[in-house]
Amino acid sequence: LQLVESGGELVRPGGSLRLSCAASGGTLDYYVIGWFRQAPGKEREGVSCSSPVGVSTKNSESVEGRFTITRDRAKNMVYLQMNRLKPEDTAVYYCAVDTAPFTGICSLVPNVGRYAHWGQGTQVTVSS
């Protein structure tokens, strides 16, 4: 399973971006999908995740009410809609696939033992 993120760019505070995650070599419907980010000098953190088929989602407290994860099942893609962006949202954003058996809720912990497939990341910079 290969993942490719896109959509990151420089945006002003308060602006919006939509990140895309395209998959090949597998069907995303079957898996938990997570969006993670890593800022310079900081640990990677979970931002948003979606259960298989997108039945349920979860966001971190820092992005709740501003970010939304969605799936396009026909295109085998996942998106992260980011609104009301803040400078502290600046980071490299990654999508990842959790190939472990689904436990009933998706995880925001960037555990590579669960999230076995990662994209290369896309840079989001929020600055005036």
Side-chain angles (χ1 to χ4, degrees):
L1 188 65
Q2 292 79 45
L3 305 172
V4 178
E5 304 93 337
S6 62
E9 61 182 64
L10 172 64
V11 62
R12 293 183 181 275
S16 297
L17 278 178
R18 189 179 77 161
L19 305 183
S20 300
C21 175
S24 59
T27 302
L28 293 180
D29 268 1
Y30 304 144
Y31 303 109
V32 166
I33 308 298
W35 281 99
F36 300 85
R37 66 186 182 186
Q38 189 164 19
K42 294 188 177 182
E43 294 188 353
R44 191 169 296 187
E45 63 172 344
V47 172
S48 186
C49 61
S50 169
S51 66
V53 194
V55 172
S56 63
T57 63
K58 184 167 66 176
N59 294 321
S60 68
E61 287 186 9
S62 62
V63 307
E64 184 65 55
R66 300 189 298 123
F67 291 11
T68 304
I69 184 172
T70 58
R71 298 176 182 247
D72 185 325
R73 299 174 65 183
K75 294 182 178 179
N76 203 31
M77 294 187 67
V78 177
Y79 304 99
L80 184 67
Q81 178 66 43
M82 306 187 296
N83 298 327
R84 303 198 307 276
L85 283 161
K86 304 176 182 180
E88 52 263 43
D89 295 319
T90 295
V92 178
Y93 283 72
Y94 302 88
C95 64
V97 171
D98 180 347
T99 56
F102 184 51
T103 60
I105 188 168
C106 63
S107 171
L108 292 176
V109 177
N111 181 348
V112 295
R114 293 193 65 93
Y115 285 99
H117 301 276
W118 294 77
Q120 84 292 344
T122 185
Q123 175 71 48
V124 173
T125 303
V126 185
S127 175
S128 55

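If you're wondering where the values come from, they're calculated on a predicted model, not measured in any experiment.
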Distance col, row T103:OG1 vs I105:CD1, nearest 0.5 angstrom, shows 7.5 Å

With sequence neighbours excluded, residues passing side-chain contact (heavy atoms from CB on, under 4.5 Å) with S107:
V109

Are T122 and Y93 close enough, and set up right, to give a side chain to side chain contact (heavy atoms under 4.5 Å, CB included), and what steps lead you there?
CA-CA 5 Å; T122 185; Y93 283 72; 4.3 Å; yes

Who are the side-chain contact (heavy atoms from CB on, under 4.5 Å) partners of Q2, not counting sequence neighbours?
S24

Taking only residues at least two apart or on different chains, which pairs with a member in residues 99-128 satisfy ring-ring contact (aromatic ring centres under 6.0 Å, His included)?
F36-Y115, F36-W118

Taking E5 for the side chain and Q120 for the main chain, is one N or O donor matched with an acceptor at less than 3.5 Å?
yes

Interatomic spacing from CZ in R44 to OH in Y94 - rounded to 0.5 Å
4.5 Å

Output the distance between atom CZ (R71) and atom CD1 (I33), rounded to the nearest 0.5 Å.
4.5 Å

N/O donor-acceptor pairs under 3.5 Å from side chains in residues 9-21, not counting sequence neighbours:
| residue | atom | partner | partner atom | Å |
| --- | --- | --- | --- | --- |
| R12 | NH1 | S128 | O | 3.3 |
| S16 | OG | N83 | OD1 | 3.0 |

Counting neighbours of CD on E88 that are heavy atoms of other residues, nucleotides or ligands and sit closer than 6.0 Å, is the number greater than 12?
yes

side-chain contact (heavy atoms from CB on, under 4.5 Å) partners for A22, two or more places apart
M77

Would the distance check show the side chain of S56 and the main-chain N or O of S51 forming a donor-acceptor pair, the cut-off being under 3.5 Å?
no

Let me confirm one number: the CD-CG distance from E64 to N59, rounded to the nearest 0.5 Å.
4.5 Å

Can a donor-acceptor pair be found between the side chains of S62 and S60 at a distance below 3.5 Å?
yes

Quick one: does N76's side chain have a donor or acceptor within less than 3.5 Å of a partner on G26's backbone?
yes

Give me the other members of the hydrophobic cluster that L108 sits in, counting Ile, Leu, Val, Met, Phe, Trp and Tyr linked by side-chain heavy atoms under 4.5 Å, directly or via other members.
none

Return the CH2 to OG1 distance between W35 and T68, rounded to the nearest 0.5 Å.
13.0 Å

My understanding is that only one of S48, C95, S50 makes a side chain to side chain contact (heavy atoms under 4.5 Å, CB included) with L80; could you say which?
S48

Between the CZ atom in R37 and the CD atom in E45, the distance rounded to the nearest 0.5 Å is 4.5 Å

